[in-house]
Amino acid sequence: MKVTVNDEAVEVEEQTTISALLEQLGFPDKGIAVAVDWSVLPRSQWHTALTDGAKVEVVTAVQGG
């Protein structure tokens with residue numbers, strides 16, 4: 001199935017969870033926020049399986065000013 005991550009198409013297995021997707025794509029364990037279909041999800045919901053066509057946005061926190 002296909003999902004979109006930060007405006008790029010990604011092919012994933014059925015029932016792939018958000019946390020599995022993040023690991024597959026090499027995102028860090030900490031310092032990120034995730035939104036799926038325009039809703040920000042708390043880390044406690046990252047075990048949720050993605051659906052075909054889901055739009056995922058991953059934002060990495062950076063320091064600076």
Side-chain angles (χ1 to χ4, degrees):
M1 93 180 159
K2 288 188 180 182
V3 299
T4 303
V5 180
N6 294 350
D7 296 323
E8 292 189 29
V10 177
E11 187 75 32
V12 296
E13 297 291 324
E14 295 285 332
Q15 300 299 315
T16 297
T17 64
I18 296 163
S19 58
L21 174 69
L22 296 173
E23 182 178 329
Q24 174 184 332
L25 296 177
F27 284 99
D29 291 337
K30 296 182 180 183
I32 61 173
V34 177
V36 177
D37 296 328
W38 308 109
S39 295
V40 176
L41 295 181
R43 188 176 294 268
S44 63
Q45 293 183 9
W46 288 6
H47 65 279
T48 305
L50 293 163
T51 58
D52 190 37
K55 182 170 177 67
V56 180
E57 293 291 327
V58 182
V59 179
T60 304
V62 294
Q63 291 182 332

Original post:
Got more than 12 heavy atoms from elsewhere within 6.0 Å of CD, Glu23?
Top reply: no
Original post:
How long is the gap from CD on Glu57 to OG1 on Thr4, to the nearest 0.5 Å?
Top reply: 9.0 Å
Original post:
What distance do Lys30 atom NZ and Thr60 atom OG1 have between them, rounded to the nearest 0.5 Å?
Top reply: 15.0 Å
**OP:** With side chain to side chain contact (heavy atoms under 4.5 Å, CB included) as the test, would you mind laying out the steps for Val34 and Arg43 before giving the verdict?
**Re:** CA-CA 8 Å; Val34 177; Arg43 188 176 294 268; over 6 Å; no
**OP:** Establish whether Leu50 and Val59 are linked, either directly or via other cluster members, by ILVMFWY side-chain heavy-atom contacts under 4.5 Å.
**Re:** no
Original post:
Do Val40 and Ile32 share a hydrophobic cluster (ILVMFWY, side-chain heavy atoms under 4.5 Å, transitive)?
Top reply: no
Subject >> Nearest atoms (heavy-atom pairs only) where Asn6 meets Val58 >> reply: OD1-N, 2.7 Å
Original post:
Which atom pair, heavy atoms only, marks the closest approach of Glu13 to Met1?
Top reply: O-CE, 3.8 Å
Subject >> Non-hydrogen atoms of Asp52 and Lys2 that approach each other most closely >> reply: OD1-N, 3.0 Å
Original post:
How close do Ala54 and Val36 get, heavy atom to heavy atom, and via which atoms?
Top reply: CB-CG1, 4.3 Å
Subject >> Reported CD-to-OG1 distance for the pair Gln24 and Thr17, which is rounded to 0.5 angstrom >> reply: 10.0 Å
Original post:
Just by distance, do the side chain of Trp38 and the backbone of Lys55 share a donor-acceptor pair under 3.5 Å?
Top reply: no
Subject >> CD (Glu11) with more than 12 external heavy atoms under 6.0 Å >> reply: yes
Original post:
Minimum heavy-atom separation for Ile18 to Gln45, with atom names?
Top reply: CD1-O, 4.1 Å
**OP:** To the nearest 0.5 Å, tell me how far Thr48 OG1 sits from Gln15 CD.
**Re:** 11.0 Å
